[in-house]
There are 2 protein chains.
Amino acid sequence: MNKNLDVLRKVKLFDGIDENLEAMLQCLGGEEKTYDRGEIILLTGQPVPAVGVVLSGEVQVIQEDYYGNRSILTELSPSHIFGEAFASAGIKESPVTVLAKTNTTVMFLGIERIINTCPNSCIFHNHLIENLLKILARKNILLSNKNQLLSRRTIQDKVLSYLSLQAEKKGNLAFEIPFTRNELADFLCVDRSALSRVLSKLQKEGTIEYTNNHFKLL
Amino acid sequence: MNKNLDVLRKVKLFDGIDENLEAMLQCLGGEEKTYDRGEIILLTGQPVPAVGVVLSGEVQVIQEDYYGNRSILTELSPSHIFGEAFASAGIKESPVTVLAKTNTTVMFLGIERIINTCPNSCIFHNHLIENLLKILARKNILLSNKNQLLSRRTIQDKVLSYLSLQAEKKGNLAFEIPFTRNELADFLCVDRSALSRVLSKLQKEGTIEYTNNHFKLL
DNA sequence: AAACCACTGTTGCATATGCAACGCAAAGGG
DNA sequence: CCCTTTGCGTTGCATATGCAACAGTGGTTT
């Protein structure tokens, strides 16, 4: 349990509830489950009555379409959560499958227990709900930003959009990006070599300067 | 005020609070403001301490990047809201600009008043927060879905992803789409004629069938 | 030192896409 | 009835992109 507490303290959903974490967990009545590598944690079509917290191991969230194309939406490490959007939205059937990439333990927190302030109206419940709101809102903004990048039709536009977003975030025209080329290409959903080609071109044209992951807008 | 009540009843944030709407509005202390056509309602960089509810007129949410590329994120009609994500996330500076496309009236609801249950702890506050959660969660899912479409590299993949999502949603391989070709092209962020070309090809190949906005997966 | 490996850039080539222009059909307005 | 508008498909063409293959570099292992 002690080991779990260390992980739980880092869960954003519990931000600012540090001292009374254990009390709150009892109040929420979370269930802990273990899964073997490759085991399915949540299957497409199943209900999502709870938020999942990864306590140990690695978890993959994947989605399949009608033609069987499987795409990995995210990979989660300990202290990250999944299912919060589906649970909060009251979706009846999960559109995604969650599976254990390694042996994992997950804690499930019933969304009802999270949303409805408990009868003894403990002070932390409001904090918890506020955290959930903030998590959803932040994810919203991240998704919107990514959406805007992906809306661009050419790689050049995607790159420039991404770089100017980063510059804006850092408040500086020179900045580092947290991606390798490969990762950046994945993030922008384009081919790596094509990305390299465009970056070279932009540098030759004098639009940007870069070495490794340090970039500068001109 | 009566005219506004009709609009306010349709606001999803107030879902299920119909009878006591007026009481709740007083409790929330919303401010009403009017704007002329073209006037700026919220400027990039300003704080977003409140959720905006469009009472009349049309509102545009736009975003500009470093190079001045202006893109319209959404257009809102009466009873729709804006700023909920930024306000909920506690973002200090709005990354978007909101402007009045026509003469408009907007009601602002301070996010603090929404999140923090009032001293007299009225019953509807929890309902309100739950609605806000649901709105953010739903938007999250919509954005994720769109993201997945836009992640595909070719128009063909985007189209098939979109169509199979629709089929799944309707639970039927034959269905209608809510878009004209132009709108679908905009939604998928591709060229209209290129989209037409791909649709024709898919039909010739026998992958799909369609006439107008009625589609069928084969 | 030699042999790997991860990361990045480059390039040739087939294909996909954007763009502009045109034709056609249906709907609506004068 | 004619004219305009709108929606949709088609096509030619220049360009962008994915894909595969190769090269160079720096770091790590054997």
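Per chain, numbering begins at 1; letters A, B, ... match sequence-line order.
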Review point. To the nearest Å, how far apart are L195(A) CG and dA16(D) P?
Key: 15 Å
**Study point:** Rounded interatomic separation in angstrom, taking CG from D157(A) and C1' from dT15(D)
**Key:** 14 Å
Practice item. Quick one: label N182(A) by what it contacts on the DNA or RNA (base, sugar-phosphate, nothing), any heavy atom closer than 4.0 Å. Key: sugar-phosphate
Review point. Is a donor-acceptor contact shorter than 3.5 angstrom present between the side chain of T180(A) and the base of dA6(C)?
Key: no
**Study point:** Any R197(A) side-chain N or O less than 4.0 Å from OP1/OP2 of dT17(D)
**Key:** no
Practice item. For Q156(B) and dT17(C), give me the distance from atom CD to atom C1', rounded to whole Å. Key: 13 Å
Practice item. Tell me what S196(A) touches on the nucleic acid: a base, only sugar-phosphate, or nothing, going by heavy atoms under 4.0 Å. Key: base
Check your understanding: Hey, mind stepping through N182(B) and T180(B) against side chain to side chain donor-acceptor pair (under 3.5 Å) and telling me if it holds?
Key -> CA-CA 5 Å; N182(B) 248 314; T180(B) 67; 5.5 Å; no
Practice item. Give the rounded distance in Å between these two atoms: CG of N213(B) and C1' of dG9(D). Key: 16 Å
Check your understanding: More than 12 heavy atoms of other residues, nucleotides or ligands under 6.0 Å from CG of N172(B): is that the case?
Key -> yes
Check your understanding: OP1, OP2 of dT10(D) versus side-chain N and O of S200(B): anything below 4.0 Å?
Key -> yes
Review point. Between dT8(C), dA16(D), dC19(D), which one does the side chain of R181(A) approach most closely?
Key: dT8(C)
Practice item. Inspect the contact between E84(A) and K139(A) and indicate whether a charged nitrogen and a carboxylate oxygen are less than 4.0 angstrom apart. Key: yes
**Study point:** Pairwise 5' ranking along DNA chain D for F179(B) and A194(B), keeping only the more 5' one
**Key:** F179(B)
Exercise for review: Round to a whole Å and report the spacing from CG of D191(B) to P of dT17(D).
Suggested key: 14 Å
Point to revise | Aromatic plane relationship, Y210(A) with F215(A) - under 30° parallel, 30 to 60° tilted, over 60° perpendicular | key: parallel
Exercise for review: Mind checking L199(A) for me? I need base, sugar-phosphate or nothing, with any heavy atom below 4.0 Å counting as a touch.
Suggested key: nothing
Practice item. Measure from the side chain of S193(B), starting at C-beta and using heavy atoms only, and say which of dT17(D), dT10(D), dG18(D) lies closest. Key: dT10(D)
**Study point:** N or O in side chain of R153(B) less than 4.0 angstrom from dA16(C) OP1/OP2
**Key:** no
Exercise for review: Heavy atoms only: give me the nearest N147(B)-S151(B) pair and the separation to one decimal.
Suggested key: O-OG, 2.7 Å
Review point. Just how far, in rounded Å, is P of dA16(C) from CZ of R152(B)?
Key: 17 Å
Review point. Under 4.0 Å between a side-chain N or O of Y210(A) and OP1 or OP2 of dT8(C)?
Key: no
Exercise for review: Nearest whole angstrom, please: distance from the P of dC19(C) to the CZ of R192(B).
Suggested key: 12 Å
